[in-house]
Amino acid sequence: MGHLMPFLRLALMLQRHGCSVTLITAQPTTSKAESAHISSFLSAFPQVDHFELQLLPMPEEFDTSTVDPFFLQFDRINRSIHQLLPILKEFSPPLSAIFLDLTLVANFVEIADELGLPIYIPNTSSARFFALLSYLPELSSQPDFLRGAYSDVAIPGILPLPFSSIPPPFKDTSTVFTSTLIRNSRTISKARGILMNNFEWFEESTLAALNGGRVLETLPPCITVGPLEPYKLGNESSENWPWLDEQSSGSVIYVSFGSRTAMSTEQIRELAKALKNSKHKFLWTVKTSKVDKDDKEDLSNVLGDRFLEETAGKGITLKQWVDQEAILAHPAVGGFISHCGWNSVMEAAREGVPILAWPLHGDQRVNAEVVADAGLGIWDRGWGIGDKSLVRADEIEGKIELLMTDTNLRASARRVKEEAAKAVCRGGSSDRMIRDVVKCLVG
Ligand code: UDP
Ligand code: UDP
Ligand code: UDP
């Protein structure tokens, strides 16, 4: 979902600026959330054309059981993408550009050349994580990096990254995931531009380094066009929470770890205890398995029936997809406990909701650092590292108190919201950049 949402938001933005857009999705999807969302999106916005790429089966000798199903999907799309050439050739009117996920660029370059199509890469993470991705081929040739001998990882032009923030698989170039990223990262220079769901003010120095050729001389321009505007799907009206409407302004904590991050049962129970003991109200969406299709666990099995009874009136605990953007926009919501998936970060920035960062995987630790540096949230670097990563309830409760009562944090999160609004309003930095991209497409 973290890759799908920004692509869909971008598609609508291009359309608002007069482009005709065809969405190409892969079938089958990994999760139910994706297939449900794609079909609601297409019904809500029939003006977006759709083409479904049927994925080829994985070779039988390939052991799929050990690979993260979402990463496996990148691989499967890569093995199927050549089927697009004859189809895209027939498009009428002919295409003027393709917006492609980074993980697919290497295999698409030849197709794009044959069609004379420029490639834009919508980046699904922070600018700082993009800097790491683009520098990964170089890092992966350093034996000290692979051995984990650094305490900080130096990338030219940007702040050093703590080694603990580097996704562990990046040190193992033999994994499908890392080798795919490295191969694709080497071809970034073939793109005409990197579109960032971001705004200049939020990561100013990193963006300046990327665009000044300091990270890598060969990088195409990184174009900030965000925070991307969310859309409404017709079927979400039932989520107009009467409970939330009754709560006073800024009093409720929203808790969510995104679409693919599950916590251990033990950690979920510590979090439950903290939410129960804290003085603040909460709205919590619990996730117990990575892929939603596998989710058979009942809430009361994980939390116990008592928890739901004891917190009735004080909090709402759910195990379902919610309209996160609407929740963050609700005046009652005053804090967000988040894994720092990049879409969640930009949604919180748009609404000025302070974040208690609890990154768990992948790009999330790098994103959490960006959040803290920008004044949008607080982050305890010790949380969630290694085997001894259980965070105890009293520690969580203390951080919740800080999140909900620190007036300086509220003020700086409000400042982020103002800067985000300035960027996307007419004539703002993000607005000017998307207009320039569109001009380039039609010109
Ligand atoms: N999301 C949502 N409802 C949910 C869970 C997630 O609307 O119940 C949305 C969320 O607003 C965001 C996306 O799904 O736009 C998740 O992307 P993110 O980058 O935050 O995290 P990921 O799921 O990729 O880890
Ligand atoms: N996990 C998750 N979302 C992610 C990555 C991992 O829910 O994005 C869960 C995964 O299902 C498993 C645990 O976290 O229960 C450990 O994940 P992984 O095998 O990736 O281990 P790592 O080596 O990354 O710590
Ligand atoms: N990633 C990304 N853009 C891509 C491909 C991957 O932002 O084009 C992210 C991916 O979503 C993940 C991170 O790179 O968050 C690396 O993930 P890692 O392998 O550490 O995930 P884990 O196994 O811990 O879930």
Side-chain angles (χ1 to χ4, degrees), residues 1-13 29-38 40-41 44 68-71 73-74 101-103 122-130 167 177 196-198 226-233 235-241 244 254-263 282-292 295 299 316-330 333 336-351 353 355-368 370-371 376-377 384:
M1 294 306 292
H3 287 242
L4 181 62
M5 303 291 267
F7 272 81
L8 297 181
R9 288 171 181 171
L10 182 65
L12 290 181
M13 184 176 195
T29 63
T30 310
S31 67
K32 278 195 289 199
E34 291 165 87
S35 46
H37 198 93
I38 291 167
S40 309
F41 177 89
D68 175 313
F70 290 97
F71 298 163
Q73 182 80 342
F74 287 127
D101 194 82
L102 172 61
T103 47
N123 172 49
T124 54
S125 188
S126 53
R128 206 175 292 184
F129 194 75
F130 179 76
F177 176 65
M196 303 251 174
N197 179 16
N198 208 328
L228 292 173
E229 196 178 322
Y231 44 79
K232 280 268 154 263
L233 297 178
N235 57 0
E236 286 171 342
S237 53
S238 60
E239 286 190 28
N240 248 325
W241 310 94
L244 215 43
Y254 168 57
V255 188
S256 168
F257 296 89
S259 67
R260 60 173 247 113
T261 301
M263 272 182 169
F282 65 87
L283 172 57
W284 180 17
T285 63
V286 182
K287 226 175 144 351
T288 53
S289 54
K290 191 183 281 192
V291 180
D292 52 11
D295 205 338
L299 255 191
I316 293 191
T317 310
L318 297 163
K319 222 177 153 230
Q320 68 188 57
W321 187 261
V322 296
D323 183 356
Q324 172 164 305
E325 176 60 31
I327 291 172
L328 289 172
H330 197 290
V333 173
F336 182 13
I337 303 183
S338 170
H339 71 316
C340 293
W342 191 248
N343 297 289
S344 294
V345 170
M346 278 298 115
E347 289 159 14
R350 266 186 108 246
E351 302 300 343
V353 179
I355 291 180
L356 167 53
W358 194 341
L360 295 163
H361 291 282
D363 59 347
Q364 297 158 14
R365 289 181 67 85
V366 174
N367 298 348
V370 173
V371 164
L376 181 60

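Whatever order the structure lists ligands and atoms in, that order sets their numbers, starting from 1. Predicted model only: the values in this text are computed from it and were never measured.
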Check: every ligand 1 N/O to protein N/O pair under 3.5 Å:
from     : atom 1 : to     : atom 2 : distance (Å)
ligand 1 : 3 (N)  : Val322 : O      : 2.6
ligand 1 : 7 (O)  : Val322 : O      : 3.1
ligand 1 : 8 (O)  : Val322 : N      : 3.0
ligand 1 : 11 (O) : Gln324 : NE2    : 3.2
ligand 1 : 11 (O) : Glu347 : OE1    : 2.6
ligand 1 : 11 (O) : Glu347 : OE2    : 3.2
ligand 1 : 15 (O) : Glu347 : OE2    : 2.6
ligand 1 : 17 (O) : Asn343 : ND2    : 3.3
ligand 1 : 19 (O) : Trp342 : N      : 3.3
ligand 1 : 19 (O) : Asn343 : N      : 3.1
ligand 1 : 19 (O) : Asn343 : ND2    : 2.8
ligand 1 : 20 (O) : Ser344 : N      : 3.0
ligand 1 : 20 (O) : Ser344 : OG     : 2.5
ligand 1 : 21 (O) : His339 : NE2    : 3.1
ligand 1 : 23 (O) : Ser259 : N      : 2.6
ligand 1 : 23 (O) : Ser259 : OG     : 2.5
ligand 1 : 24 (O) : Gly2   : N      : 3.4
ligand 1 : 25 (O) : His339 : NE2    : 2.8

Considering residues at least two apart in sequence or located in another chain, which fulfil the side chain to side chain donor-acceptor pair (under 3.5 Å) criterion with Thr29? none
Should the ring pair Phe177 and Phe71 be called parallel, tilted or perpendicular, given that the plane angle runs from 0 to 90° and is split at 30 and 60? parallel
Ser126 meets the side-chain contact (heavy atoms from CB on, under 4.5 Å) criterion, sequence neighbours left out, with Arg128, Phe129, Glu203, Trp342, Val366, Asn367, Val370
Exactly one of Thr124, Asn343, Leu102 clears side-chain contact (heavy atoms from CB on, under 4.5 Å) with His3, and that residue is Thr124
Please examine the side chains of Gln324 and Phe336, heavy atoms only from C-beta on, and report whether any two atoms are closer than 4.5 Å. yes
Sequence-distant partners of Glu325, side chain to side chain donor-acceptor pair (under 3.5 Å), two or more places apart: Arg350
